[in-house]
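One structure is given below, encoded as structure tokens.
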Amino acid sequence: MYLKGQNLRVFVGESTAAVVACATSCAIDLTANTESASTKDDSGLIEQKEVSSVAGTVSVDALVLVSEQDTVKSALQLIGKRVQLECNITNGTQNRDKAGAIFTAEALCTSVSVNAQNKQNVSYSVKYELTTEPNFSPAS
């Protein structure tokens, strides 16, 4: 199987039967913040480093599939809310079922942007900052 962008999915909160938005892109960014662990007795040009913390963000751009205002309203109401994220891989282009999990984590929604241009599809972008360390064990 070739992995394409359509196979990487981000699920937020409780799963529902109805699909209300289709992600056009999503990005996962995990960063290890480091600090110097070198002492005066260390030699060499490269400082010794140790991880002081890990930060992570998940960004999702989605196309609104339904014409109801509740979808856009729900997206806007995410700002400042803590959510449960599940990032995973789906099987194939048509299969919407969750397959192999990449990770689950709690996150805080820090940014929501709705784009509604005249005679264009309505889309929205959401950015989450992880508040717990990602759990890389398989989803249940």
Side-chain angles (χ1 to χ4, degrees):
M1 172 176 99
Y2 290 101
L3 186 61
K4 297 183 179 182
Q6 67 214 17
N7 299 116
L8 180 60
R9 301 290 169 90
V10 176
F11 295 88
V12 180
E14 299 298 321
S15 59
T16 59
V19 174
V20 295
C22 181
T24 56
S25 69
C26 57
I28 301 168
D29 181 24
L30 297 175
T31 305
N33 300 312
T34 61
E35 60 184 30
S36 177
S38 296
T39 67
K40 64 179 182 165
D41 297 327
D42 290 334
S43 61
L45 297 175
I46 304 292
E47 285 187 354
Q48 297 295 317
K49 298 281 187 177
E50 63 182 30
V51 175
S52 59
S53 65
V54 175
T57 60
V58 175
S59 302
V60 180
D61 296 324
L63 183 67
V64 177
L65 295 181
V66 295
S67 60
E68 297 178 21
Q69 65 181 5
D70 288 345
T71 301
V72 175
K73 183 178 174 184
S74 295
L76 291 172
Q77 289 177 336
L78 281 173
I79 193 73
K81 299 278 191 324
R82 292 193 183 276
V83 296
Q84 186 73 27
L85 292 182
E86 181 181 310
C87 298
N88 64 43
I89 303 296
T90 60
N91 294 319
T93 60
Q94 299 300 316
N95 189 344
R96 302 296 187 234
D97 293 331
K98 294 184 256 185
I102 297 174
F103 71 84
T104 58
E106 289 182 14
L108 182 64
C109 180
T110 58
S111 173
V112 178
S113 174
V114 176
N115 186 4
Q117 297 182 20
N118 188 29
K119 298 183 181 180
Q120 298 294 319
N121 294 326
V122 175
S123 63
Y124 64 91
S125 300
V126 183
K127 186 172 184 177
Y128 304 97
E129 290 187 20
L130 301 185
T131 57
T132 61
E133 188 173 339
N135 178 1
F136 289 97
S137 62
S140 53

Which residues share a side chain to side chain contact (heavy atoms under 4.5 Å, CB included) with Gln120, sequence neighbours left out: Gln117

Donor + acceptor pair across side chains of Ser53, Asn33 (<3.5 Å): yes

Show me the pairs that pass salt bridge (charged side-chain N to carboxylate O under 4.0 Å, His left out) and involve residues 49-62, at least two apart or across chains. Glu47-Lys49

Determine which pairs satisfy salt bridge (charged side-chain N to carboxylate O under 4.0 Å, His left out) with at least one residue from residues 24-35, sequence neighbours left out, and list them in order. none

Are [X] and [Y] side-chain neighbours, meaning at least one heavy-atom pair lies under 4.5 Å?
| X | Y | value |
| --- | --- | --- |
| Ser123 | Thr24 | no |
| Lys127 | Thr57 | yes |
| Cys109 | Val126 | yes |
| Tyr124 | Leu78 | no |
| Leu30 | Leu130 | yes |

What heavy-atom pair brings [X] and [Y] nearest, and what distance separates the two atoms?
| X | Y | answer |
| --- | --- | --- |
| Ala105 | Pro134 | CB-CA, 4.1 Å |
| Leu85 | Ala107 | CD1-CB, 3.7 Å |
| Leu63 | Asn121 | CD1-CB, 3.2 Å |

Cluster link Tyr128 to Val54, ILVMFWY, side chain under 4.5 Å: no

Measure the spacing between CD of Glu106 and CD of Glu133 and express it to the nearest 0.5 Å. 12.5 Å

Quick one: OG1 on Thr132 to CG on Leu108, what's the gap to the nearest 0.5 Å? 11.5 Å

